[in-house]
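Just below is one structure, and these are the notes that go with it.
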Amino acid sequence: MMLSLINRLKLNQVLFVSHLLLVLVIILGLSWARYHSEWSSRVAHAAALANLAMNDVVGDISTAVSGNSYATMLMPSAVDKFNNINSLRFFDVSGYSDYSTKPYGLRYFREQSLADNEARSGKVWQTQVTEAVLMDALAKVDRLKAVKQHSNAKKVDFLLNKAEQNYLSLINSFELSLNFKLPWKQPEIALDGYFLDSKTRSLHTRLPLRNKNGGAVWAVFDASELYSLRAEVLQSIYGEAFVALMLSSLIIIISTRWIVLPLKRLTQHMAQDINEIELEAIAELKREDEIGVLARDFSALITRSKLQLQLLKQQSEVDPLTGLGSRLKYSQSVEAFIKTSRQQPDYFGLIICDVDHFKAYNDIYGHGQGDIVLTSVAQAIRQPLRETDGAFRIGGEEFVILVRVAAATDVQRLAERVRRAMLEQQIPHKGNQQHQFVTLSVGALAVDLRQFSKRIAFSQLFEMADKALYQAKNNGRNQVIFSQYNSYKETS
Ligand SMILES: Nc1nc2c(ncn2[C@@H]2O[C@H](COP(=O)(O)OP(=O)(O)OP(=O)(O)O)[C@@H](O)[C@H]2O)c(=O)[nH]1
């Protein structure tokens with residue numbers, strides 16, 4: 001199916017389609033590579049900017065983790081600091097305090113990004129709050145309340161107040177942890193690495209903590225701004241690819257035409273009749289490339305063919321035995337002969353000569369000798385003719401003379417001279433008992449071209465001359481029977 005489709009295509013179509021496919025593959029490949037590198041570098045740049053913005057916050061968090069302290073991180077000023085980081089939506093801190101083996105856990109989440117201009121405040125909470133921790137904090141409050149009943153010391157008031165605050169904060173964190181559902185899956189990324197989540201359009205980074213026991217901050221940023229940049233990148237790449245495709249198509253069209261047009265012109269030359277081909281008009285002959293070679297080979301072939309045709313024509317127009325015109329030449333010349341004759345107010349003569357008893361001659365003297373007689377007949381015919389007259393051997397021993405003369409009797413006179421010229425050669429012919437020499441019977445027809453009707457076909461004129469010849473044979477041979485078109489006379 002595919003193969004038959006390809007076979008049906010023209011050369012220029014194949015060239016165009018194959019080049020276009022090649023160019024398409026190259027443009028797609030280059031565009032994809034360019035998009036990939038551009039997009040990757042933009043994402044890397046966005047991740048580096050996000051990490052830079054987190055730098056201060058990571059410092060604060062590291063200090064808090066080091067001292068296992070949550071209070072500073074839960075203060076409104078700290079939350080403001082987190083809120084001020086452009087596009088930060090979430091972070092999760094996991095690490096170990098430097099002074100105890102307790103795990104440290106803190107989370108920040110801001111519902112809406114700043115991208116839609118709604119600067120909502122985020123929430124921060126502790127993540128390692130278990131019921132046991134809550135019970136401990138409540139027990140501490142109860143203990144301090146019991147102490148307060150026996151003491152009015154200000155320090156007890158302060159400690160009780162702090163314990164109550166801590167308890168409330170822990171309850172708050174506990175509830176937040178219970179109710180919070182992560183909108184993202186935590187990706188597996190190395191420290192200082194990043195990951196762009198196309199589904200949620202968010203950029204994830206993982207930053208190391210700077211305290212002794214270490215830990216990491218997983219931060220999530222809103223990436224919608226990055227995606228709008230991607231649309232710009234794509235648009236510019238599409239634009240460049242389109243321009244490249246248009247330019248390439250133009251080049252393909254020009255180069256295809258450059259190859260195919262000369263071939264088309266060459267085939268047009270080839271389709272012409274060989275005699276009408278003008279070799280000088282073939283511009284491709286001057287080309288240096290393969291088309292030039294093809295054109296020169298074609299030109300040499302045409303020249304050779306023309307020469308051979310000319311040779312063949314000459315051979316087919318001449319009777320090889322007698323050197324007179326052949327039957328083919330006769331049939332080609334006859335109409336032209338009448339047409340030329342009709343331009344002048346004179347006579348057209350058609351003379352048919354036939355060797356008498358030639359079969360007998362061949363039988364007695366042999367075929368080779370018969371051939372010599374035929375050349376002698378040609379000689380006898382040629383003698384009285386002018387250059388403008390035509391003489392042909394149209395059959396074995398049958399000859400035709402076409403002449404133009406001023407008077408009808410000139411045709412008769414000419415026929416008579418031929419007959420006599422043959423007789424005068426005195427070639428012995430025992431089979432021609434009446435005359436003893438080789439003789440000719442002649443049928444001659446004169447046509448007055450002023451009376452000549454266009455409606456009469458040349459074959460009818462030939463029939464009339466042939467009838468005269470038949471009569472000459474019947475009357476005893478070695479004689480001329482003369483007739484005229486429309487009038488019929490007889491001489492001997
Ligand atoms: N030698 C030779 N003979 C030829 C050639 N072409 C034809 N002939 C012979 O010419 C003879 C013609 O014989 P016919 O047509 O019977 O006529 P004819 O014997 O001349 O008798 P009439 O025409 O009635 O006088 C045949 O025997 C042919 O073989 C040729 O090229 N060379």
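We count ligands from 1, going down the list as the structure has it; atoms in each ligand are counted the same way. What you see is a predicted model; the values in this text were computed from it and never measured.
Between E416 and R419 there is a salt bridge, with a side-chain nitrogen of the basic residue lying less than 4.0 Å from a carboxylate oxygen of the acidic one. Contact check on E463 versus K467 returns no salt bridge, with no Lys/Arg side-chain nitrogen under 4.0 Å from an Asp/Glu carboxylate oxygen. A salt bridge is absent between E424 and R420: the closest approach of a Lys/Arg side-chain nitrogen to an acidic carboxylate oxygen does not fall below 4.0 angstrom.
A donor-acceptor contact shorter than 3.5 Å is absent between the side chain of R201 and the backbone of A223. Remark: side-chain polar atoms of R327 are not paired, donor with acceptor, to backbone N or O of G395 under 3.5 angstrom.
Within ligand 1, the atoms closer than 4.0 Å to a non-hydrogen atom of D371 are 1 (N), 2 (C), 30 (C), 31 (O), 32 (N), numbered from 1 in the order shown. For ligand 1 and V355, the ligand atoms under 4.0 Å from any heavy atom of the residue are 20 (O), 23 (O), 25 (O). Against a heavy-atom cut-off of under 4.0 Å, L374 is close to the following atoms of ligand 1: 30 (C), 31 (O), 32 (N). Less than 4.0 angstrom separates some heavy atom of D356 from each of these atoms of ligand 1: 25 (O). For ligand 1, the atoms lying closer than 4.0 Å to a non-hydrogen atom of D354 are 23 (O).
The aromatic rings of H429 and Y365 stand perpendicular to each other, their planes meeting at an angle above 60°, with 30° marking the opposite boundary. Relative orientation of the F90 and W184 rings is tilted, given thresholds of 30° and 60° on the angle between their planes. Taking the six-membered ring where the residue is Trp, H36 and W32 present tilted rings, their angle falling between 30° and 60°.
Ranking protein heavy atoms by distance to atom 13 (O) of ligand 1, first place goes to K359 CB, 3.6 Å. Scanning the protein for heavy atoms near atom 29 (O) of ligand 1, the closest one is N362 ND2, 4.1 Å. If you check which protein heavy atom lies closest to atom 22 (P) of ligand 1, you get K473 NZ, 3.4 Å. With hydrogens left out, the protein atom closest to atom 24 (O) of ligand 1 is R477 NH2, 3.0 Å, a heavy atom. Counting protein heavy atoms only, atom 6 (N) of ligand 1 is closest to G396 CA, 3.1 Å. Ranking the protein heavy atoms by distance from atom 10 (O) of ligand 1 puts F358 CD2, 3.2 Å first.
Nearest to atom 30 (C) of ligand 1 by heavy-atom distance, out of R393, E397, H357, Q369, is R393.
Any N or O atom pair closer than 3.5 Å counts here, and G370 shares no such pair with ligand 1. Taking distance alone, with nitrogen or oxygen atoms compared against 3.5 Å, A360 stays at or beyond that limit from ligand 1.
Ligand 1 does not have E398 within reach: every non-hydrogen atom of the residue lies 4.0 Å or more from it.
Counting only N and O atoms by type, the side chains of T256 and N12 include no donor and acceptor under 3.5 Å apart.
Enclosure of atom CZ in R287 by more than 12 non-hydrogen atoms of other residues, nucleotides or ligands within 6.0 angstrom is indicated.
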